[in-house]
Structures are given as structure tokens and as C-alpha cells.
Amino acid sequence: MKFKFTKIKKSVLISIEGLVQGVGFRPFVYRLANKYNLNGNVANRTDGVIVNLYGEEKLIESFKNDIVKFAPPAAFVKNIISENTKSVFVDFKILSSELNEQITEISPDIAVCDDCLHDLKSQNHRINYPFINCTNCGPRFSIVNKIPYDRINTSMADFKMCKTCHEEYHTVLDRRFHAQPVACNNCGPTYIMNGKSDFEKILDELVVKIDSGEVVSVKGLGGYNIICDAKNNDAVLRAREIKGRDGKPFAVMFRNLNAVEKYCKLDSKEKEILKSWQKPIVILEQKLNLASSINYKLNSIGAMLPYLPFHYLMFEKLKTDAVVYTSANISGSPIIADNNLANNTLKNKVDLFVTHNRKIENPLDDSVVKIASNDIQFIRRARGFVPKPVYLNRSVEGVFATGAELKNSFCIGKNSSAILSQYIGDLKDFETYSFYQKAIERYFELFKFKPKLIACDMHPEYLSTGFAEKLNQSDINGNKITIVKVQHHHAHIASCLAENQINEKVIGISFDGTGYGTDGNIWGGEFLVCDTKTFDRYAHFDYVKMPGGDLAVNEPWRMLLSYLDKNSFQDIRSLKCFDSVQNEEIELVYNMIQKGINVPLTSSAGRLFDTVSCLLNLCSKQTFDAEAPMRLESIIDKSENDFYPYIYNNGIINFTETIQAIINDLNTIDISIISAKFHNAIVNIILDVSKRIQKDTAINRVILSGGTFQNKYLLEKSINILTKNNFEIYTNRLVPPNDGGIALGQLVIASNYL
Ligand code: ZN
Ligand code: ZN
Ligand code: FE
């Protein structure tokens, strides 16, 4: 008997949810349908795309597999749902995207792709064109001012496509089909120097300046940048002078991966992130010195690879293989993105000033990440990642979280997505606060957002709290919007709960510098038992006086004096770290401590790390945020397993014995070992208190969040030891553990009141 096989044909409707708009997803679907000989169509939808398919069953399955496997690099497929239909199609079409007001997804900016780098040398109309891009790469969020993401709603609206570009834009199988920023040498944006736009001349002059040790400013993707030779110390010092501030390490852009490997240690995960389409700054361990004033003896470098076509063209001509590449801002203000402002504030300070005529709609800095426990950790979340949402398992529609004060980011809720803004900065800076307000306005408009509920920090003096209250009063409909005030450390833990979609109670360990507590004191070494609704403060670091309040943050010697007073330690002048402090200053601060004048109480982990760093004479005065703990981490002898003692008493962790033991070791043991023993003590405390909570509550999940966990040694060692003791550990991987991630936590906590 013979069987006759007929190929079974069927029809399906596939809904693909995720970040699939403006990243070349529909052309990808088109090519895939062609490959498997399937008919049907693809169209944009509010939360993704829908694909109708008609064809052989087996091939439809292959299609579905490939969708996930081979999706364009910047696309993010969250979910695929397939249902059977009865539709029959005779060809495959990309349906035009109607002006759907509901589509609110915007792709982050994407680093230039390899195909475009190839076209840069081979396509007649794009030879060395510094703004080359395609469906898979190029500017996105930084140029959009309205949704949907169409050319008319971007700063590319100023440029009329030439005939060639127009044709590419409308040809389905072209790499630039519907690439909104498509442009070429004949029709697109240009770089400009002294009113002229001869790019080859600009580039020639630029590289000569950089190679001869001068400092230049060039308009980039999210703002202006300051660039100089990273191996020329005088140049780097001048760049610091121009920025008018502190000793914060500068990021370095390397020519290529080989150059990175020459100066930095690099594991496979770090390599992967460095090369990713987001091209962030990755904090790496230093191997070979660049100019010393890049990081002033810290053992790490913020390294990045070229991400704009312009960067590649620059390195083609540059002799040096490493340049300082830092946001152009003056004294802590936001990155300069406006041409007029740059003209007025920047142009005369640098040796060469290059601008371009594509407007930056949404200013943003380069993102900064590090790898800890083989996972990405955000230090600063901006270019390449914003505004990709964090997907939640609950509705947060209409919730607006105003964020913290330092390292501010805010967050808005759309359906079950949380959209965290780019890094905004320190709101106490006037320019930053006005950037904050403008950015909020822009997000409300871009994402068609109307706040129904506002979340903010509990701190009565935070400008973000003030902003929440102002917004509440200015509701013109007479409807009062509810404000939910969220405790800072609860928000840190909740940000991680949100990322991991955890609703149950956890052990929340929140270590950072400063956060307002429910008792009016400054918290920061906190063990909470909490979920996204409520928290109990199970244990905390013992309170110490903070002489001069905020001044004690900038000057760790003040905190040390406070800790020494607690220890009844008298012989202050025997400690080298006080050499740089005047007698009168010490006396004044000592009196403050004795009399209790202007000495708020703090349980801050950050201040404890500052204290120990100062005691080891690593940092008596900080020239940038978290310098003292960074220097302390930087010297650790990782082979040391010994640790210092501490006292746990009824939920209070006291460091009197710890400080005394360090003083005893000070003249006999190397500070790299002292630093290790101190860090190991903190790790022991984390394990000890977790076990106590576990015993009392049977909770097994531990969340580690807060700025202190940017300390890689502390984080990795804590994760190791907790895992060995069968705890289940969660850390932040989508938003920063520092105050840049606070808004996400505020948002989910407040969403309980919806
Ligand atoms: Zn491309
Ligand atoms: Zn063109
Ligand atoms: Fe914090």
C-alpha cells in the first residue's frame, strides 16, 4: 500500500510582545516569511507586532523559532502568542503603520552596526558619512520628540531625503527600509566647525589637535563631549579644568578591543557587554597606566568602544589608541546638548569646537556598568538602555515616581511597564533641576502619560519631594492626586523586587550613604523584612553622630572623629589621616560632637566605609561622590580571609570593636589586609543577620540593594557566602542599585494604592 503525503498548510496569527518598534523588526519578519515561503502580513500594534501567516505547518514552526533566535540585536521579544485562524494569503506584505496614537514604545539609541561600517567605505553616497545608520542601528530616543517614532516626529524632520535615500526608505528588502534617520552625504546632517562643514578638513584638524595634547569638544549623540589624549597627563588635567570640578575618574574610549585589552583586564562577560549594541562604559580593572590624572591611582578604568560612525572615522586618523571621552558639562550641571548653550559656555574654553546640525531632543549621557558575579550592574543607566521599560507583573498605569535627589531618575507607569528616565543627576544643581522638569514634561508627552498617583521619597527637603507636592497642587481639575511617600531603603529593596517580579516577603539588605528614616534619622545600614507593600526594620547599624550634617559626607575625617569619640579614643594626632586637617577644625568638630550641636544621627553604611577609608589614610576629604569607599575597595588584598569583630545586640550592629581592632592593626599590618578584614566583617554581618532573620521568619530570599553594593568585592563575597548557606539571592540587574534605581521602587510601592 502506498501513502500519498500532502504538505499540511495552516494559518496562524502570531502576537509578538516586547520592544520591537524602530529596531527593524517588521523587515526582519518579512525576510523570514520569504525564507520559509510563508504568506500573510505583519503590522505594528500597541504593544508589539502581529503577524498573519499561511503556509506549511513545519515551516511556520521554524519561523517561530527563528523569531526569537535571530531577532535584530536591539529588539526585545517578551512574549509570543500564536493562535490558529482560517485566513488564506497569496503573498506577504508589511502593512503600513497607521498613525496609531496608542503605540508608545520607543527604542533606545543603537551603536552603528557592522553593515553600516562596511557601507561607510563602499556606498557611493555614504563614503565616510559620519551620520550613517540603518534599520538596525543609529539614533532613536535621542532624536524623538513625539510618538509614533516616525521621521516627522524626530529631529530628522529638518532634512529632506534625497532621491536615493527616499528609494531605500521605501524598498522593503533594503537595509534602510523605514529607517527613520536615513541620510547620506547629499541630504543628511553635517558636522560644522567655524561655520564650515567640510568634514574631511574638520576631522584632519581635530585629530591633529588631540594628538598634540589639546582638548576638543565635539557634539555627539546625547550631548557634547570633551575629548583629549588619554595618555597625555597635561591634556587630561586641562580637561578637568574645563569641566571645573573634582577628581571623578574620566571614561576612556579605546580604538578597539585590542587596545582595551592592553590597558585593562577583561573577562568574557565584560568583553560581551563592551561589544554589545548598547556600547556602554564598562568599569574594568586596570592593567597598564594611562595618564595618572584619569583615575588618580584607583585600580579601575571606565572603558568603552567607539559607537558612532564619527568615532570610527576619528580613530582611523588618530595616532593615540585611547582618548578621554566625557560628557561636556560644567561643575555638575547636566550634559550640554543645546547648540546655543554650547556656543556660550563651551566654545571658548576648548581648543577646538565641533558641532553638528541634528538637534538632540533628549539629552543623555553614556551608560556606565560593571560586571559582578557574572551579571551586569548599572552604575548610570542612560544611552542604549533608556527608555526600555522594566516589565512588571502588575499594573502601574498612571503612577509617577519622582525619584531621589542625588543621581536622580524618575519613573512613569504604563500598563504593566515601568519606564525609568535616563540619569538626570543631582537636583540641587539649578540646571539639573530644570533639566529634570523638562524631561518629565517630555516623558509625559512622549508616552501619553497622565499621573493618577504620585510617589516620592519621605525626605521633607528633597527637591523631588517638593516637585511631587507642587504637581499635586497644580492639578487644574480640582482632583487631588494622592501622594505616597516612600521610605528610601524600602524603595531600594522594592526596585529589586520589581525587577524580579517578587511579591512575597524577603530579607532586604539595603546599604547606602543617605536616606531619610521614619524616625527622622539618616538611615543607610538597614536590614528590612519587607515586600512591595510594607517593611519592618529588623536590624541596623548603630547610630553615630554626623558632625556638620552633609559636610561629614564630603569630609570623612569628621565621621572618623565621631567614631573615635564613641570609642573614647584620645590620641587623635597619632593618626596620619589628620595631618591634612587644622587643629582648630578638629577642636571645632570635637566640640560639636561633645555638645551635640548640628550632629544628626546616622546608621549609614556609606559613612562607615568613609570612616575606615579615612582611618587608613586613603581619603580624608572626598573630591567626588563615593571616593573614600572606592579607594578602600581598590586596595583590598583578595587573598585575605580573616575579619574584624563586631557586636550584635538586639537589632543593633555596633562597630566599636571593629574600629579598635583596625587601630591596633594600623602600624603593624598592611592596609590592603586591613581593608580586606573590614570588608570581610561586613560580609559576616550580612550572613549573621540574614540567618537571624531566617530563624525568626523562615524567609529564605535575600535582596541586596543600595549604592554600597556597587562595591564588587562586597557584593560578590556576600552572594557567595549567602549562596553557600542556601539563601536565594537577588540583586539589581535592570536598574542601578544606587539612587538612580529608587524611582522604580517608589513606583511599585505606590501602585498598591491604585
Ligand atoms: Zn546600521
Ligand atoms: Zn540621501
Ligand atoms: Fe540610597
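First listed ligand is number 1; within each ligand, the first listed atom is number 1.
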Exercise. Out of the N/O/S atoms in Asp739, what is the name of the one closest to the Fe ion (ligand 3)?
Worked result: OD1

Exercise. Do Phe378 and Phe385 have ring centres separated by under 6.0 Å?
Worked result: yes

Exercise. Roughly, to 10 degrees, what angle do His492 atom NE2 and His488 atom NE2 form around the Fe ion (ligand 3)?
Worked result: 100°

Exercise. Under 4.0 Å between a Lys/Arg side-chain N and an Asp/Glu carboxylate O for Arg607 and Asp610?
Worked result: yes

Exercise. Is Cys165 close enough to the Zn ion (ligand 2) to have an N, O or S atom under 2.8 Å?
Worked result: yes

Exercise. Hey, is the Fe ion (ligand 3) within less than 2.8 Å of some N/O/S atom on His489?
Worked result: no

Seminar exercise, completed: Atom name of the N, O or S atom of Asp512 nearest to the Fe ion (ligand 3) is OD2

Exercise. Hey, what's the angle at the Zn ion (ligand 2) spanning SG (Cys162) and SG (Cys187), nearest 10 degrees?
Worked result: 120°

Exercise. Can a cation-pi geometry be assigned to Arg383 and Tyr307, taking NZ or CZ under 6.0 Å from the six-membered ring centre and within 45° of the ring axis?
Worked result: yes

Problem set entry | SB check Asp550 Lys428 (cutoff 4.0 Å) | no

Problem set entry | Lys/Arg-Asp/Glu bridge criterion (N-O < 4.0 Å) met for Asp375, Arg733 | yes

Seminar exercise, completed: Row for the Zn ion (ligand 1): angle SG (Cys137) to SG (Cys113), 10° precision, value 120°

Exercise. Taking atom types as modelled, is there a side-chain donor on Asp429 or Thr432 under 3.5 Å from an acceptor on the other?
Worked result: yes

